[in-house]
**Student:** 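Below are the structure tokens for one structure; questions will follow.
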Amino acid sequence: MAPVTPTELSDALRAALAAAVADGTLALPADALPDTVHVERPRQREHGDWATNVALQLAKKARTTPRALAEDLAARLVATPGVAKVDVAGPGFLNITLDAAAAGELARTIVEEGTAYGRGEAEAGTRINLEFVSANPTGPVHIGGVRWAAVGDSLARILQASGAEVTREYYFNDHGVQIDRFARSLLAKARGQAAPEDGYGGQYIEDIANAVIADAVAAGDTDPRELPDADAQEVFRARGVERMFGEIKQALHEFGVDFDVYFHEDALHESGAVDRAIARLREAGHVFEQDGATWLRTTEFGDDKDRVVIKSDGDAAYIAGDIAYYLDKRERGFDDVIIMLGADHHGYVGRMMAVCAAFGDTPGKNLQILIGQMVNLVKDGEPVRMSKRAGTIITLEDLVDVVGVDAGRYALVRSSSDTNIDLDLDLLARATNENPVFYVQYAHARTAAVDRNAAEHGVTRDAFDPALLTHETESALLGVLTEFPRVVAQAAELREPHRVARYLEQLAGAYHSWYAATRVTPLGDEEVTDLHRTRLWLNDATRQVLANGLGLLGVSAPERM
RNA sequence: GCGCCCGUAGCUCAGUGGAUAGAGCGUCUGCCUCCGGAGCAGAAGGUCGUAGGUUCGAAUCCUAUCGGGCGCACCA
């Protein structure tokens, strides 16, 4: 016997509707019959295991009342195997209750599917390029970048769980004037001079400068401080960027985030990719010359103004690199190009969508830009001001030092990216139950403890009788477990990893309640029964889903805490 | 001025048209003689910024308005 899934209920409801139309009970036009009937978990337990509002939605079209339609559907649906009863409630909701055996069967399914439980095929065959972080190698990754590291990496995992082939990509900006500023700042610091007015400050500049000197000397080169200015600056640029980038990569790695591709902006300019991309847009008739510059007519595709791609001095404008980069990703075979950006770059969306359209692609599909709001750090109730130039930045390393990888990732990924979040450093630093990550991890550790204890007391998995799982906390826990695949699918579709985190908190809550109300191992000298053995399966199933979910967030699932 | 995001409990935040709006933290009351108390059971705490509109039904959709964040270069 298979567990009754919401999909099966949806199909059964649709079949009931079709039958009602076929025998003339329901006067519904054929094209008004929905493809799928939405089935959801009701908020209140007394409203059954599943509920649907389909009668409310179709009654008017069928020229009947919601309650009459609901009554008819209820009579038909109750014959479905595994359905214990169907009630009509309120204005015409259908409340469906499953019998315990049908609901409990899910525990075996989950245990058998293991790490595959929750995975889906919705994005199967889609090649996705997901670009995130892409911080300039002019300083450590600051807290905003860390948010995208946590969210982006989780999103990649979730998209993969949905069947997509995902490449994590980091755009390594080693071309522009900011790199020059960085190099001049290093040189000035190395020579004991004041930082350039538009340069970078902070301890890390001194550290990098010293490291560059040491590297050069160790390699047998001249001390770069003694070279002519231009040569010296070039040494500090090349070695400094390499150093800085190495540190960024290492910090991200320690945060559990690794990229498949590090793409250098320089490569676009050196390979002629920029010229080719512009030539292609010119052929398509979207390029024009004005005031000595070369423009792309992005207004044709909804942008609020046209954009210069080649400046009147002959240099490529910044956007030229992005145009070429987008084309490059598409030519590498990616169906969906997803870019995660901070809110300070949202002005960028309109023009890039126009670029996408100018290439003949579909904005919102071939190019998707996810905008995430900023992170504010709070300490003692006061906002912590951050400035890269002043060197007062909270870096990825700082965050990990203070709160650890799990708590850091979890705190950043449990909120919607649409929301500005305030992180209280003092609160995070206290590794107590004040952080919900521990609530979830503790639930997992508890499943492991129950497992160990069951083994000691001779509770085996020899029997599984789901009809015995009748306690109210058991049907509640099974109800949460059954939603996991839908949560993952929705998180993937909406590109919202926080849904997985919130789900895990809900699951942990249902598990803790179950744990407090029932026993897997017998009390005292009671005998081991099939109920104990069956509950051990439920414990296994919960453990599996907690582990699978935490895995999607890049957070560890400890056996002990 | 124009554009994007947000406004929900004391705090941090969930809730992409459904039934009595939720969680964690904080506060209060119970619960360690047995699977881990980083837990459980319960209580208090809300005009969902405001005003209209659409709908059988709105925190959710539309319009206006107020407040906060972030943007509006031949900078990158």
**Student:** With sugar-phosphate meaning primed atoms plus P, OP1 and OP2, does A:V177 contact a base, only sugar-phosphate, or nothing at under 4.0 Å between heavy atoms?
**Tutor:** sugar-phosphate

**Student:** When rounded to the nearest Å, what value does the distance between P atoms of B:G49 and B:C31 take?
**Tutor:** 40 Å

**Student:** Determine the contact category for A:R519: base if any of its heavy atoms lies under 4.0 Å from a base atom, sugar-phosphate if only primed atoms, P, OP1 or OP2 are that close, otherwise nothing.
**Tutor:** base

**Student:** With a cut-off of less than 4.0 Å, is there a side-chain N or O of A:R446 near OP1 or OP2 of B:G37?
**Tutor:** yes

**Student:** Short question: side chain of A:E526, backbone of A:P522 - any donor-acceptor pair under 3.5 Å?
**Tutor:** no

**Student:** Say we look at B:G24 and B:C34: how far apart would their C1' atoms be, to the nearest angstrom?
**Tutor:** 30 Å

**Student:** Paired with B:A64 by Watson-Crick or G-U wobble geometry, both distances under 3.5 Å: which nucleotide is it?
**Tutor:** B:U50

**Student:** Taking atom P in both B:G53 and B:U60, what distance in whole Å separates the two?
**Tutor:** 14 Å

**Student:** Please work out if A:Q490 contacts a base, only the sugar-phosphate, or nothing of the nucleic acid, heavy-atom cut-off 4.0 Å.
**Tutor:** base

**Student:** Which part of the nucleic acid, if any, lies within contact of A:D422, taking any heavy atom under 4.0 Å across all strands shown: a base, the sugar-phosphate backbone alone, or nothing?
**Tutor:** sugar-phosphate

**Student:** Show your reasoning for whether salt bridge (charged side-chain N to carboxylate O under 4.0 Å, His left out) applies to A:R446 and A:D451.
**Tutor:** CA-CA 8 Å; A:R446 205 171 222 185; A:D451 191 350; over 6 Å; no

**Student:** At a heavy-atom distance below 4.0 Å, what parts of residues 523-537 of chain A sit against RNA chain B?
**Tutor:** A:L523, A:G524

**Student:** Is there a residue in residues 55-66 of chain A whose heavy atoms reach under 4.0 Å of RNA chain B, and which residues are they?
**Tutor:** A:L56, A:K60

**Student:** Strictly below 4.0 Å: does A:T419 bring a side-chain N or O up to OP1 or OP2 of B:A14?
**Tutor:** yes

**Student:** Just confirming the chi classification of B:C32, syn or anti, using 90° around 0 as the syn window.
**Tutor:** syn

**Student:** Say we look at B:A59 and B:G52: how far apart would their P atoms be, to the nearest angstrom?
**Tutor:** 14 Å

**Student:** Under a 3.5 Å distance rule, please check whether A:Y410 uses its side chain to pair with a backbone N or O of A:A501 as donor and acceptor.
**Tutor:** yes

**Student:** For a ring pair (Phe, Tyr, Trp, His ring centres under 6.0 Å) with A:H264, tell me which candidate from A:F172, A:Y170, A:Y325 qualifies.
**Tutor:** A:F172

**Student:** So does A:E289 pair up with A:R282, basic N to acidic O under 4.0 Å?
**Tutor:** yes

**Student:** In terms of side-chain geometry, is the basic nitrogen of A:E559 or A:R543 positioned less than 4.0 Å from the acidic oxygen of its partner?
**Tutor:** yes

**Student:** Decide salt bridge (charged side-chain N to carboxylate O under 4.0 Å, His left out) for A:D87 and A:K85; before the verdict, give the C-alpha distance in whole Å, the side-chain angles of both, and the deciding distance to 0.1 Å.
**Tutor:** CA-CA 7 Å; A:D87 299 315; A:K85 63 170 181 164; 3.5 Å; yes

**Student:** Under a 4.0 Å heavy-atom cut-off, which of residues 339-357 of chain A touch RNA chain B?
**Tutor:** A:A343, A:D344, A:H346, A:G347, A:R351

**Student:** Does A:R181 have a side-chain nitrogen or oxygen under 4.0 Å from the phosphate oxygens OP1 or OP2 of B:A76?
**Tutor:** no

**Student:** Could you tell me which nucleotide pairs with B:G22 by Watson-Crick or G-U wobble geometry, both distances under 3.5 Å, or answer none if nothing does?
**Tutor:** B:C13

**Student:** At their closest point, which heavy atom of A:A59 faces which heavy atom of A:T65, and how far apart are they?
**Tutor:** CB-C, 3.7 Å

**Student:** Heavy atoms only, 4.0 Å cut-off, all strands: where does A:I319 land among base, sugar-phosphate and nothing?
**Tutor:** nothing

**Student:** Among side-chain atoms of A:Q441 and A:D406, is any donor-acceptor pair under 3.5 angstrom?
**Tutor:** yes

**Student:** Going by modelled atom types, is there a donor-acceptor pair between the base of B:G3 and the side chain of A:D304 at under 3.5 Å?
**Tutor:** no

**Student:** Counting any heavy atom closer than 4.0 Å, what does A:S312 reach on the DNA or RNA strands: base, sugar-phosphate only, or nothing?
**Tutor:** base

**Student:** Reckon A:Q373 touches a base, only the sugar-phosphate, or nothing at all at heavy-atom distances under 4.0 Å?
**Tutor:** base

**Student:** Mark yes or no for whether A:E483, through its side chain, and A:V480, through its backbone, hold a donor-acceptor pair below 3.5 Å.
**Tutor:** no

**Student:** Using a cut-off of 6.0 Å, state whether more than 12 heavy atoms not belonging to A:E472 lie near its atom CD.
**Tutor:** no

**Student:** B:C11 and B:C74: how far apart are their P atoms, nearest whole angstrom?
**Tutor:** 43 Å

**Student:** Hey, is the side chain of A:N95 pairing donor to acceptor with the base of B:A19 inside 3.5 Å?
**Tutor:** yes

**Student:** Find the partner of B:G1: check Watson-Crick (N1-N3 plus N6-O4 or O6-N4) and G-U wobble (N1-O2, O6-N3) distances, both under 3.5 Å, and reply none if neither fits.
**Tutor:** B:C72

**Student:** A:D313 near the nucleic acid: base, sugar-phosphate alone, or nothing, with a heavy-atom cut-off under 4.0 Å?
**Tutor:** nothing

**Student:** Should A:H47 be counted as stacked on B:A19, where stacking needs a ring-centre gap under 5.5 Å and an angle between planes under 30 degrees?
**Tutor:** yes

**Student:** In whole Å, what separates the C1' atom of B:A51 from that of B:A9?
**Tutor:** 24 Å

**Student:** With a 4.0 Å cutoff (strictly under), does any side-chain N or O of A:R43 reach OP1 or OP2 of B:G15?
**Tutor:** no

**Student:** So what does A:S417 touch, heavy atoms closer than 4.0 Å: a base, only the sugar-phosphate, or nothing?
**Tutor:** nothing

**Student:** Could you check which nucleotide pairs with B:A38 in any of the strands shown, counting Watson-Crick or G-U wobble with both distances under 3.5 Å?
**Tutor:** none

**Student:** Within the structure shown, what part of the strands sits under 4.0 Å from A:A51 by heavy-atom distance: base, sugar-phosphate, or nothing?
**Tutor:** base

**Student:** Any side-chain N or O of A:Y439 less than 4.0 Å from the OP1 or OP2 oxygen of B:C40?
**Tutor:** yes

